Number of protein chains: 4
Amino acid sequence: MRYLTAGESHGEVLVGIIEGMPAGLAIDKQKIDDMLLLRQSVIGRGERSRTLPDEAKILSGLNGSVTTGAPISVIINNGDCGRGKFGFYRPGHADYAADIKYGYGDPSLGAERASARETAIRTALGAIALQLLQELGISVRARVLRIGGVATPEFDALDAATRCDVRYFDEIKTLIDETAKKGDTLGGKIELTVSGAIVGIGSHVFFDRRLDGRLCGALMSVPSVKAVEIGLGVGFASSTGRQVVDEWENGRRKSNNCGGIEGGISNGEDIVLALTCKPIPSVSGLKTIDRSQKEVVTGKVRGDVCAVPAACIVAEAVAALELASAIMDCFGGDTMAELKERYEAKGALCKK
Amino acid sequence: MRYLTAGESHGEVLVGIIEGMPAGLAIDKQKIDDMLLLRQSVIGRGERSRTLPDEAKILSGLNGSVTTGAPISVIINNGDCGRGKFGFYRPGHADYAADIKYGYGDPSLGAERASARETAIRTALGAIALQLLQELGISVRARVLRIGGVATPEFDALDAATRCDVRYFDEIKTLIDETAKKGDTLGGKIELTVSGAIVGIGSHVFFDRRLDGRLCGALMSVPSVKAVEIGLGVGFASSTGRQVVDEWENGRRKSNNCGGIEGGISNGEDIVLALTCKPIPSVSGLKTIDRSQKEVVTGKVRGDVCAVPAACIVAEAVAALELASAIMDCFGGDTMAELKERYEAKGALCKK
Amino acid sequence: MRYLTAGESHGEVLVGIIEGMPAGLAIDKQKIDDMLLLRQSVIGRGERSRTLPDEAKILSGLNGSVTTGAPISVIINNGDCGRGKFGFYRPGHADYAADIKYGYGDPSLGAERASARETAIRTALGAIALQLLQELGISVRARVLRIGGVATPEFDALDAATRCDVRYFDEIKTLIDETAKKGDTLGGKIELTVSGAIVGIGSHVFFDRRLDGRLCGALMSVPSVKAVEIGLGVGFASSTGRQVVDEWENGRRKSNNCGGIEGGISNGEDIVLALTCKPIPSVSGLKTIDRSQKEVVTGKVRGDVCAVPAACIVAEAVAALELASAIMDCFGGDTMAELKERYEAKGALCKK
Amino acid sequence: MRYLTAGESHGEVLVGIIEGMPAGLAIDKQKIDDMLLLRQSVIGRGERSRTLPDEAKILSGLNGSVTTGAPISVIINNGDCGRGKFGFYRPGHADYAADIKYGYGDPSLGAERASARETAIRTALGAIALQLLQELGISVRARVLRIGGVATPEFDALDAATRCDVRYFDEIKTLIDETAKKGDTLGGKIELTVSGAIVGIGSHVFFDRRLDGRLCGALMSVPSVKAVEIGLGVGFASSTGRQVVDEWENGRRKSNNCGGIEGGISNGEDIVLALTCKPIPSVSGLKTIDRSQKEVVTGKVRGDVCAVPAACIVAEAVAALELASAIMDCFGGDTMAELKERYEAKGALCKK
């Protein structure tokens with residue numbers, strides 16, 4: 001499975017093509033749009049840059065609503081095509097390096113493709129991958145663990161419908177509003193959980209087939225993600241083996257510190273990762289330079305106050321794409337029926 | 001640039017092939033062996049499993065000692081070929097998942113390839129990549145930040161020759177010795193720094209060309225690594241934009257919280273990553289199961305007390321391979337002279 | 001450089017994304033449309049299935065008309081969306097194998113993606129690659145050598161504007177018309193010539209980097225192509241070394257039997273390939289089977305009488321994509337200026 | 001499935017690594033050596049450059065003689081390590097282009113890696129792939145169709161043991177001997193047949209997954225191959241659709257002009273390809289140039305009189321690698337048992 005995306009932040013559309021999906025998977029377009037809406041509408045987004053909800057249009061690869069095995073192409077219209085130019089390099093963004101690399105002669109051009117707007121189309125493709133995973137009994141869920149100084153431990157109590165939406169936490173809402181008023185932004189932390197995956201996805205035999213490396217590489221490519229942890233993550237540094245090894249008891253594991261992956265292979269437990277997002281560096285009044293190396297301060301450029309809740313949705317999509325790809329590598333399958341049969345036969349191996 | 005490795009922990013040899021190196025690079029074989037020795041001899045390794053120092057033998061790809069552009073193959077003899085079989089799945093290792101996945105019918109067979117012994121050959125290939133980077137003025141250095149409960153801040157003061165060798169810290173040595181006596185193991189944290197890279201490696205235009213994702217994916221594939229952070233890493237979670245953005249002042253950055261990568265592209269600052277290693281889970285007396293799902297306890301299986309110092313060397317090698325590959329993607333180059341000229345011309349773009 | 005295409009013969013659109021183009025290449029959209037029109041309007045096409053000329057719409061990757069290094073996405077509207085279903089497997093088409101492979105339960109569904117309609121979007125992407133090659137002084141030209149029983153040797157005399165259009169050969173026109181009347185179709189042969197490429201594209205060091213293998217693999221993937229020859233091609237079989245080796249004389253080659261590639265590397269001569277196309281197997285009245293394995297005869301399904309002239313255009317596009325990709329592998333280049341400078345510096349090596 | 005090879009014609013060894021083989025395949029090493037011996041000993045080879053028979057040594061990837069899923073590495077010792085240097089570019093070889101590309105400053109260095117000696121290690125890896133195919137009931141056989149002016153139609157009558165060995169054809173033996181006496185070399189043609197493959201390998205949905213393109217690209221990468229044809233091949237050029245379409249009759253095809261591949265997918269018939277090999281251009285007395293562009297004549301450089309019989313063996317190996325890879329893409333399979341079960345289940349779909 002492979003995919004390409006295209007499109008700029010203020011271009012006409014975003015475009016994606018995913019190649020290698022099996023035939024016979026019924027695609028519920030509404031689920032794609034629901035995911036796009038969630039990405040767009042969770043708390044933390046800036047003044048509404050898009051007036052209309054994103055909507056995916058599937059242009060190919062289906063017969064009716066069912067996949068044919070042919071490449072699936074998806075398009076999302078950008079409602080907002082007026083590009084705001086600016087004359088300085090925003091620290092923390094691609095602006096400076098992209099201008100030098102590609103010789104744009106324009107500090108604001110790199111932002112067109114570097115923008116997290118691109119994650120909308122990855123979300124759409126990921127929403128398709130999620131439907132494949134769902135057929136196999138696998139779910140992928142991300143939730144906010146922390147925004148700025150505030151942890152969100154009660155989150156688990158929320159029902160699924162509001163899963164990534166932390167707006168009901170008064171404390172978070174207040175924090176975001178006050179940060180916005182100060183013209184500042186907030187980082188945070190996300191937990192991503194894959195449930196229902198069988199033993200045996202990924203492989204220990206070659207480094208680039210290890211599931212941990214694959215998921216981590218893909219998730220680190222999401223804009224603003226600056227750390228990826230598996231299981232206990234950074235907590236492993238100050239621990240000893242006896243403290244953290246996941247022993248068996250009564251036919252199951254007593255803990256899941258390794259985050260569901262041992263030796264680069266899924267071990268049947270939940271796969272648990274944590275992502276840390278930096279605060280969006282779109283802040284005005286920062287010291288920077290312009291193209292002539294003259295020192296200037298950054299002006300106002302539209303951006304989100306806190307991308308963490310939205311990044312939950314993107315992380316689900318990206319993890320789903322990578323996981324589905326790893327599964328196709330193990331099982332192949334021209335049709336969804338074949339894939340499902342093979343996957344379930346494998347899953348039965350580690351059950352009594 | 002691409003490479004494959006082969007070989008088992010107790011097989012006759014380890015083998016590696018790297019394809020895509022430019023012609024005209026003089027390879028100093030001693031530097032490869034030095035790196036292999038360092039990996040082998042740093043503090044924390046278990047009772048000496050290898051009686052002789054690892055030595056790389058280059059079998060192809062050179063004319064005299066100079067690359068020809070042809071694939072370079074490297075072999076390392078394993079001194080120790082007797083495989084110790086065991087009848088239980090060691091939690092934290094590939095044993096359980098590998099046996100189910102590949103149908104071995106032997107809990108100890110997966111360990112042959114999952115073993116970190118494989119990192120010796122990646123180190124040898126990485127030592128070649130490091131020589132390419134050195135020609136471009138780039139260095140890659142890892143150091144121990146923490147082992148178990150003990151941070152190692154004075155490490156910086158050590159001279160280069162002892163760089164990853166923390167044996168001179170009495171506190172660490174005592175900790176490792178005492179942990180070994182208890183039959184336990186230790187996790188830790190590593191900082192990896194790439195110095196001298198120009199602006200423009202990696203790209204913001206496509207997610208799998210982002211340098212952060214590439215480095216992170218490769219490093220997470222190193223056995224025992226469970227977290228990868230860039231720059232401020234997990235510290236970003238509780239920060240605001242104004243606190244952490246790397247402003248310019250007097251023609252340079254005031255800080256490097258982003259770790260030298262903005263928008264997936266190197267920005268000319270040091271590229272700084274941190275890796276967290278779990279404690280090696282080779283501990284006896286743990287509750288586990290055997291092939292018949294019967295509960296047993298783990299017996300004694302040889303392993304290191306603390307892999308963190310050795311992982312520094314491996315991390316340098318793996319990062320060098322990935323960085324060299326990203327550079328070849330940007331610059332191509334049939335010969336080292338071409339590569340160097342192109343790289344330096346690009347580097348000159350962002351200098352006054 | 002890599003690209004994906006999507007879209008069905010009777011879908012709404014064709015979509016393509018090409019990733020890895022350097023920044024700074026001015027794209028002349030008219031040249032893309034000209035190439036699409038030529039593909040569509042050359043002699044041999046069936047009763048007009050498309051009432052309107054194909055037109056490429058570039059959706060991303062440009063700033064004005066200049067590439068930015070970001071993925072370029074292209075869309076072509078299919079004027080004609082009504083899919084004609086049929087209940088038999090057409091021998092010579094994907095129908096039978098695709099139905100079994102993907103479990104369609106519909107003999108006519110595979111044709112949607114197997115159709116040569118897909119080559120329209122490859123032509124559009126190839127027309128972009130051709131503009132990159134043109135900047136480097138490279139041209140790619142295909143011409144008809146034979147259609148059915150009639151060779152077209154005088155073709156060389158035609159001026160460039162009519163290059164692939166053999167309609168002016170009365171003999172060919174008559175042959176095609178008469179074949180159409182009989183409800184039959186015609187195969188033929190194409191010569192493809194790449195002029196202006198420097199020495200050194202491709203490589204002998206690894207089999208999948210050999211330029212001959214790369215071009216041949218890509219061209220054989222064009223529907224209806226059943227043979228690819230380089231230089232003297234099948235003529236080599238009955239020759240001896242002394243008869244066919246391309247000796248030097250007065251500083252240049254006396255012949256070009258090897259077709260411009262030696263050891264998998266371009267040698268500075270014209271790269272010359274020949275493609276043989278089978279007659280389109282869309283013929284009615286053939287004995288075949290239906291889904292229940294019952295013997296039936298094929299009915300009328302719309303198709304071309306002779307795809308050979310159209311395949312010339314497609315072959316140019318596909319060869320251009322592969323060649324541009326091989327060049328990017330050798331030279332890299334974030335910008336067209338860099339690529340051009342590096343390419344020309346290399347080219348200067350083999351000139352006095 | 002992927003593989004890398006390394007090693008020079010006069011280096012110490014050839015090395016190969018194949019990654020992605022399923023676990024549980026018993027490897028018969030003798031079959032590898034038999035194939036290596038056949039490649040080495042068939043008629044047409046020059047004065048014996050290798051005094052000892054090639055022998056493959058498998059260094060990893062097996063438990064006993066059974067694959068574990070880990071990368072399999074293979075080594076072949078080169079008996080003959082003294083490199084003969086020469087000071088002129090041999091037309092028809094990589095010498096000239098390789099020297100300019102890689103800046104060797106030595107006309108004879110490119111030959112080290114460009115030499116067909118490299119095909120010995122591809123043969124060894126291919127012999128492993130053939131054993132995987134054999135488990136699935138698939139055979140791959142090549143035979144000589146023509147050498148120079150002499151066709152070998154009676155070849156079919158030979159039994160399998162001598163299959164590629166045309167030494168018993170007096171006419172061929174005489175031709176080769178006489179050509180050798182004249183210091184000349186001979187081209188020829190090979191037919192490659194894959195028998196027993198089920199319907200559905202490869203795919204019509206994306207160009208680089210088409211089985212015809214994949215096989216053709218791989219086979220064209222074999223040194224000296226200059227044309228690849230499928231089924232009727234170049235014969236299609238002068239035919240009409242009605243003449244060549246493979247109709248059904250009594251539940252099977254009446255002909256196999258399409259060579260077992262329709263729409264890029266195997267259709268259950270034999271897959272039949274033809275390869276044309278040029279005469280080895282190692283002939284003395286040819287006009288050429290040296291490094292200073294001075295005109296000289298080629299001297300004597302060791303080489304084969306006719307590589308066509310040996311190329312049969314190489315072609316079998318290369319086709320087997322590509323076909324096995326295409327099969328793994330469709331079926332995945334961590335173990336041979338899984339692969340076989342899935343493959344046979346698919347195969348049962350198109351049988352009554």
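Lettering follows sequence order; numbering is per chain, from 1. Just so we're clear, the structure is a prediction, and the values are computed from it rather than from any experiment.
Checked by atom type, the side-chain pair B:D290/B:Y89 shows no donor-acceptor distance below 3.5 Å.
Contact of A:C330 with chain B is made through the side chain alone, with heavy-atom distances under 4.5 Å. For B:T298, no part sits under 4.5 Å from any heavy atom of chain A, backbone or side chain. For chain B, the nearby parts of A:C258 are the backbone and the side chain; heavy atoms of each come within less than 4.5 Å. With a threshold of 4.5 angstrom between heavy atoms, A:K182 approaches chain B through N, CA, C or O but not through any side-chain atom. Using a 4.5 Å cut-off between heavy atoms, B:T179 makes no contact with chain A at all. The contact between B:S284 and chain A is made by backbone and side chain atoms together, counting heavy-atom distances below 4.5 Å. Heavy-atom distances place the side chain of A:R210, and not its backbone, under 4.5 Å from chain B. For B:V244, the part lying near chain A is the side chain, with the backbone staying farther off; criterion is any non-hydrogen pair under 4.5 Å. Within the 4.5 angstrom heavy-atom criterion, atoms from both the backbone and the side chain of A:D212 approach chain B. For chain B, the nearby part of A:T276 is the side chain; its heavy atoms alone come within less than 4.5 Å. The part of A:V245 that comes within reach of chain B is its side chain, from C-beta onward, which places non-hydrogen atoms under 4.5 angstrom from that chain. Heavy atoms closer than 4.5 Å to chain A are found in both the backbone and the side chain of B:S203. Proximity to chain B (any heavy atom under 4.5 Å) is shown, for A:V234, by both the backbone and the side chain. Using a 4.5 Å cut-off between heavy atoms, A:L4 contacts chain B through both its backbone and its side chain. For B:E295, the part lying under 4.5 angstrom from a heavy atom of chain A is the side chain only. Proximity to chain B (any heavy atom under 4.5 Å) is shown, for A:T5, by both the backbone and the side chain. Residue A:T119 does not touch chain B at all, counting heavy-atom pairs closer than 4.5 Å.
Looking at A:R90 and A:D95, a side-chain N of the basic residue comes within less than 4.0 Å of a carboxylate O on the acidic one, giving a salt bridge. A salt bridge links B:E249 to A:K287: one of the charged nitrogens lies within less than 4.0 Å of a carboxylate oxygen. At a threshold of 4.0 Å, the pair B:D246-B:K254 does not count as salt-bridged, since none of the basic side-chain nitrogens sits closer than that to a carboxylate oxygen. Salt bridge B:E262/B:R253: present, at least one basic N to carboxylate O contact under 4.0 Å. Under a 4.0 Å N-O distance rule, the pair B:K189/B:E229 qualifies as a salt bridge.
With chain A as partner, the option from B:G149, B:S239, B:G233 having the largest number of non-hydrogen pairs under 4.5 angstrom is B:S239. Interface summary for chain A: among B:K294, B:R122, B:R209, B:E112, the most heavy-atom pairs under 4.5 angstrom belong to B:R122. Most heavy-atom pairs under 4.5 Å with chain B, from the set A:G110, A:G285, A:G264, A:P223: that is A:G110. Of the residues considered (A:I265, A:I289, A:I100, A:D184), A:D184 shows the highest number of contacts with chain B, using heavy-atom pairs under 4.5 Å. Of the listed residues (A:G263, A:G268, A:S221), the one with the most heavy-atom contacts under 4.5 Å to chain B is A:S221. By number of non-hydrogen pairs under 4.5 angstrom with chain B, the leading residue of A:R113, A:R242, A:M220, A:K278 is A:R242. Of the listed residues (B:V150, B:N267, B:V228), the one with the most heavy-atom contacts under 4.5 Å to chain A is B:V228. When the candidates B:A6, B:A111, B:G202 are compared by the number of heavy-atom contacts under 4.5 Å with chain A, B:G202 comes out ahead. By number of non-hydrogen pairs under 4.5 angstrom with chain A, the leading residue of B:L232, B:V283, B:N257 is B:V283. Note: A:G183 leads A:G103, A:S266, A:G183, A:C306 in heavy-atom pairs under 4.5 Å with chain B. Options B:N250, B:I280, B:I261 differ in how many heavy-atom pairs under 4.5 Å they form with chain A, and the most are formed by B:N250.
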Practice task
Go through B:V308 and B:I190 one step at a time and tell me if the side chain to side chain contact (heavy atoms under 4.5 Å, CB included) criterion holds.
Solution key: CA-CA 7 Å; B:V308 180; B:I190 289 167; 3.7 Å; yes
Handout entry: A:D329 and A:R214: CA distance, side-chain angles, deciding distance, salt bridge (Lys or Arg N to Asp or Glu O under 4.0 Å) verdict
Key = CA-CA 12 Å; A:D329 287 349; A:R214 291 185 65 163; 2.9 Å; yes
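Residues B:Y102 and A:V205 meet the side-chain proximity criterion, which asks for heavy atoms closer than 4.5 Å. In this structure the side chain of A:V296 never reaches within 4.5 angstrom of the side chain of B:W248, judged on heavy atoms. Contact of the A:C277 side chain with the A:K226 side chain is not registered, since no non-hydrogen atoms from C-beta on lie closer than 4.5 Å. Side-chain atoms of A:V297 and A:T288, non-hydrogen and from C-beta on, never get closer than 4.5 Å to each other. Annotation: side chain of B:L273 is in contact with side chain of B:L215 (closest heavy-atom distance under 4.5 Å). You'll find the side chain of A:L321 reaches within 4.5 Å of the side chain of A:L125, heavy atoms only.
For A:Y96 and A:F88, the ring centers are positioned 6.0 Å apart or more.
The aromatic rings of B:F207 and A:Y3 sit parallel to each other, their planes meeting at less than 30°, with 60° as the upper class boundary.
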